[in-house]
Amino acid sequence: MATQTTAANLKEALGALYHHPDGSVRRQANGWLEKFQQTPEAWQVSDSLLHDPESSNEVHYFCAQTLKKKAQRDYEELPQGVSRSLRDSCITLLLRFGSGSPAVRTQLSLALVALVAQMPAADWDNMGQLQWLAQRFSQEAQQVALPCLLELLVLLPQESNGYPSMWPDQRRRFLQSLLSATADAFNLLVSCMQMAGGAARVQAQVIEAFGAWVRLGAGRAGEKEDGARTLPEPAALAQHPLTLAALAGLESEPTYDAAVDAVSELIRSTRVSDPEAEEVDPAQVPLVGILVSRVMTLLPRFVAASRASADLEGDHGAVDDDETAKGMARLFAEVGEAFVGLISTGAAETTQPVEALLEVAAYPEDNVSFMCFEFWNKLSRSLQRKVLPRVEGGAEAAAAEQARRVAFFKPAFVRLIQSIQGRVRYPDGFDHWRKDQKAEFKRARYMVADTLMDAAQVVGGAECLALLVKPLEKLSLDVSQGQAFEWRAAEAALYCIRSVARAAPPPGDPLLAGLLAMLPTLPAQPQLMYTSCLTIAAYADWFAASATVGNTLGLTPQLLTLLTSSLNEEDAANAAALALKHLCDACAAHLQPFLDGLMQLYTAEMRDGGCASKLDNDDLLQVLQGLCLVVSSLPPDQVAAGATYLIKPVVQQLETLLPAEATPSHGSHGGLVAHVDRLAHVFRYITCPQVTADLLRNLWPLLERALISTCSDERLAERLCRL
């Protein structure tokens with residue numbers, strides 16, 4: 001009777017959750033349902049309602065989900081012996097819903113897999129879980145049982161890590177039982193494939209399950225663990241019916257996605273433990289050969305899809321769409337990443353994977369193009385290795401071999417730069433995008449920037465810069481011919497140039513010097529100013545090094561003018577502050593002639609305690625840090641005067657805000673924190689100990705008054721004590 005009441009309450013709560021117009025009622029119903037799923041009674045009620053043909057789809061799904069959660073988290077609640085009957089009930093329900101709701105069927109399958117993972121071996125009639133399930137489903141009609149069995153074969157290896165409720169030794173036993181059953185699983189899948197004939201849906205399930213079992217044993221091919229082989233020997237796996245079916249599935253739309261997953265797992269299973277190994281494990285050669293050759297046959301399809309994606313208005317017939325192209329790109333990337341060590345040798349047979357990944361980089365859609373970036377990062381790092389394996393003849397021979405490899409791949413990295421540099425351009429309508437869309441675009445720009453840096457390490461700083469400035473040269477030509485200035489093109493080019501600053505050309509490079517000289521002449525567009533300032537920041541060290549070999553110092557007034565004007569632009573102010581700090585850090589001695597102007601800028605920004613400035617406190621601290629570095633580079637007899645000038649507006653604000661008498665006062669003193677932080681910056685970045693000691697001595701009465709007056713404010717007291 002209590003079970004019937006609970007079942008009725010459950011139906012009522014689900015009705016309220018899905019259909020009641022009052023949000024508070026829906027939240028109350030949701031809370032009741034969550035508590036119900038934690039009760040031992042949920043086992044029986046859920047099982048009963050699932051067997052009730054009059055239950056709605058909503059009830060069926062919730063009860064199936066409840067059984068899954070209970071089996072995964074609360075298996076220990078089941079009385080001894082009940083797990084057998086619950087397993088049998090789940091199988092009955094799974095067969096019943098086999099042709100019904102896919103969502104309910106998946107929840108029931110997950111529940112059954114959780115029971116399989118935790119039931120003792122004795123409950124499987126001493127024949128193992130997989131064999132028992134195969135025998136049980138063989139007693140049912142094939143058209144109903146086969147899809148259910150295949151879904152279990154997909155889920156079992158995916159859930160091989162067990163559940164939080166399982167003890168570690170129990171989890172290890174379950175994993176070992178699955179590893180021991182790999183051969184049986186393969187045989188069972190072959191049987192399922194033969195029974196299905198040419199049914200595409202079943203073929204896709206078979207291939208998906210095959211990929212899941214390969215993933216379970218990835219990296220253990222041919223090895224033994226407690227007497228059980230995880231995967232067949234590579235030579236046998238290369239000719240296995242399931243491998244051949246997965247490779248053939250790449251040609252059929254219904255099986256394509258499952259085939260991509262399975263072939264990807266096969267490729268990963270051939271990886272060697274050393275990511276920098278320059279040869280394939282001899283035992284893996286048969287499998288590697290058939291996988292790579294088959295994947296590379298997809299290149300013409302991918303190129304056709306790329307051309308079609310770029311020409312959206314044309315009639316391209318039966319050309320693959322972007323999602324299909326993404327699958328091919330994934331396979332190319334898997335091949336490249338698995339064998340990057342071998343590819344880095346520059347052997348003739350490695351050119352096709354490199355060409356395929358260049359086509360991926362050139363694909364019009366970013367989410368496809370970016371799939372190859374990890375490969376290019378690994379290849380770049382491999383080409384920069386100081387120690388090359390298998391190179392005889394000492395350091396001289398190794399250096400010559402490394403130079404040969406870099407020269408071999410340099411054209412590929414040049415094409416890579418040309419393919420991706422335009423992807424950082426701000427799209428039209430960017431200002432109206434949602435916040436998450438803007439964040440995603442910025443993440444994409446970071447990815448492009450990292451890959452450009454990888455390419456620059458191989459191509460060389462000067463040649464990379466020459467490639468990246470071409471859009472600016474074209475823009476200049478267009479403007480000279482009367483066309484409008486396109487700030488997005490200029491900003492994108494500068495962003496790319498900033499990204500490769502760690503591979504800057506030699507000091508005094510005329511192309512880079514000319515680029516910096518151009519920055520102050522660009523239109524005052526906020527995002528363009530922002531990137532221009534960050535470009536100055538990125539090349540500040542180069543600018544300082546060039547002072548001794550070129551005439552870059554003559555650019556200093558123009559660059560400072562750009563930074564000063566950018567400090568007054570809200571969207572570019574923080575970049576300008578950062579750039580000013582880096583420029584002062586790198587060129588402190590060279591900026592001494594401009595110190596008076598910088599001091600006037602600082603005084604203006606600090607007017608009214610910095611409240612009138614467009615800079616926030618962190619940005620003001622960056623400006624202050626830069627000025628401290630320039631002041632510290634002055635002759636010793638001038639440092640004290642400069643430091644005193646820097647703290648003067650700060651001291652004035654403290655005098656204004658603090659009470660005249662040193663009497664404790666309660667409450668918050670948050671307005672003082674920023675000024676104390678500024679004092680701390682002066683003490684930290686003025687590098688003359690005597691000057692800072694004199695400053696502290698002179699300021700001590702003021703600091704003592706501040707500490708006594710604000711002793712109740714722990715945050716401020718902590719900052720004062722740090723001084």
Side-chain angles (χ1 to χ4, degrees), residues 68 94-95 97-99 101-114 116-117 129-130 133-134 137 142-161 178-179 181-218 221 230-232 237 240-270 287 290-291 294-295 298 320 323-324 326-331 333-334:
K68 179 203 71 174
L94 186 57
L95 291 167
F97 286 97
S99 57
S101 168
V104 175
R105 184 177 69 245
T106 298
Q107 295 297 311
L108 288 171
S109 298
L110 287 167
L112 182 55
V113 168
V116 170
Q129 304 104 314
L130 196 61
L133 289 170
F137 280 97
Q142 178 180 313
Q143 65 271 21
V144 176
L146 193 56
C148 297
L149 177 60
L150 285 171
E151 183 156 13
L152 292 175
L153 286 171
V154 171
L155 292 174
L156 276 167
Q158 290 178 350
E159 302 294 311
S160 59
N161 287 328
L178 292 178
L179 292 171
T182 300
D184 293 335
F186 281 11
N187 293 334
L188 184 56
L189 288 172
V190 171
S191 299
C192 292
M193 187 168 58
Q194 293 170 346
M195 286 188 289
R201 179 173 176 272
V202 176
Q203 290 277 0
Q205 280 188 292
V206 168
I207 295 172
E208 183 182 6
F210 173 56
W213 283 93
V214 171
R215 183 185 308 118
L216 178 66
T230 59
L231 289 177
L237 190 57
H240 198 282
L242 294 173
T243 300
L244 300 178
L247 293 172
L250 295 171
E251 296 297 331
S252 173
E253 183 179 353
T255 58
Y256 179 78
D257 290 336
V260 169
D261 289 339
V263 174
S264 296
E265 295 303 333
L266 284 167
I267 294 170
R268 290 180 183 179
S269 74
T270 66
L287 181 57
I290 192 173
L291 292 175
R294 179 65 187 88
V295 168
L298 299 173
D320 296 300
E323 285 302 312
T324 306
K326 186 185 294 185
M328 290 185 274
R330 177 185 170 190
L331 292 174
E334 291 287 0

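We count residues from 1, following the sequence as given.
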Separation between CG (Leu146) and CD (Gln205), nearest 0.5 Å, reads 7.5 Å
Under a 4.0 Å threshold between the charged nitrogen and the carboxylate oxygen, would Asp261 count as salt-bridged to Arg215?
no
Any side-chain to backbone donor/acceptor pair from Ser101 onto Phe97? Under 3.5 Å, distance only.
no
Which residues pass the ring pair (Phe, Tyr, Trp, His ring centres under 6.0 Å) test with Tyr256, sequence neighbours left out?
none
I want to check something: taking the side chain as every heavy atom from C-beta on, are Leu153 and Leu130 in contact at a cut-off of under 4.5 Å?
yes
How long is the span from the CD atom in Gln203 to the CE atom in Met193, to the nearest 0.5 Å?
6.0 Å
Keeping the roles fixed (side chain from Thr270, backbone from Ile267), state whether a donor-acceptor pair exists under 3.5 Å.
yes
Would you mind reporting whether Leu244 and Ile290 have side-chain heavy atoms less than 4.5 Å apart?
yes
Would you say the side chain of Glu159 lies within less than 4.5 Å of the side chain of Val154, judging by non-hydrogen atoms?
no
If we ignore hydrogens and angles and just use 3.5 Å, is the side chain of Gln142 paired with the main-chain N or O of Met195 as donor and acceptor?
yes
List for me each residue that meets side chain to side chain donor-acceptor pair (under 3.5 Å) alongside Arg105, sequence neighbours excluded, and say none if there are none.
Glu151
Does the side-chain contact (heavy atoms from CB on, under 4.5 Å) test come out yes or no for Leu266 and Leu237, once each step is laid out?
CA-CA 9 Å; Leu266 284 167; Leu237 190 57; 3.8 Å; yes
Is the closest side-chain heavy-atom distance between Leu247 and Leu291 below 4.5 Å?
yes
Side-chain touch Leu94/Phe137, heavy atoms, less than 4.5 angstrom:
yes
Looking only at atom types and distance, does a side-chain atom of Thr255 sit under 3.5 Å from a main-chain N or O of Gly249, one as donor and one as acceptor?
yes
Given side chains that start at C-beta, do those of Leu231 and Phe186 come closer than 4.5 Å, heavy atoms only?
yes
Would you please classify the geometry between the Phe210 ring and the His240 ring as parallel, tilted or perpendicular, with 30° and 60° separating the classes?
parallel
Can you name the side chain to side chain donor-acceptor pair (under 3.5 Å) partners of Ser109, sequence neighbours left out?
none
Could you tell me whether the side chain of Pro241 reaches within less than 4.5 Å of the side chain of Gln194, counting heavy atoms only?
no
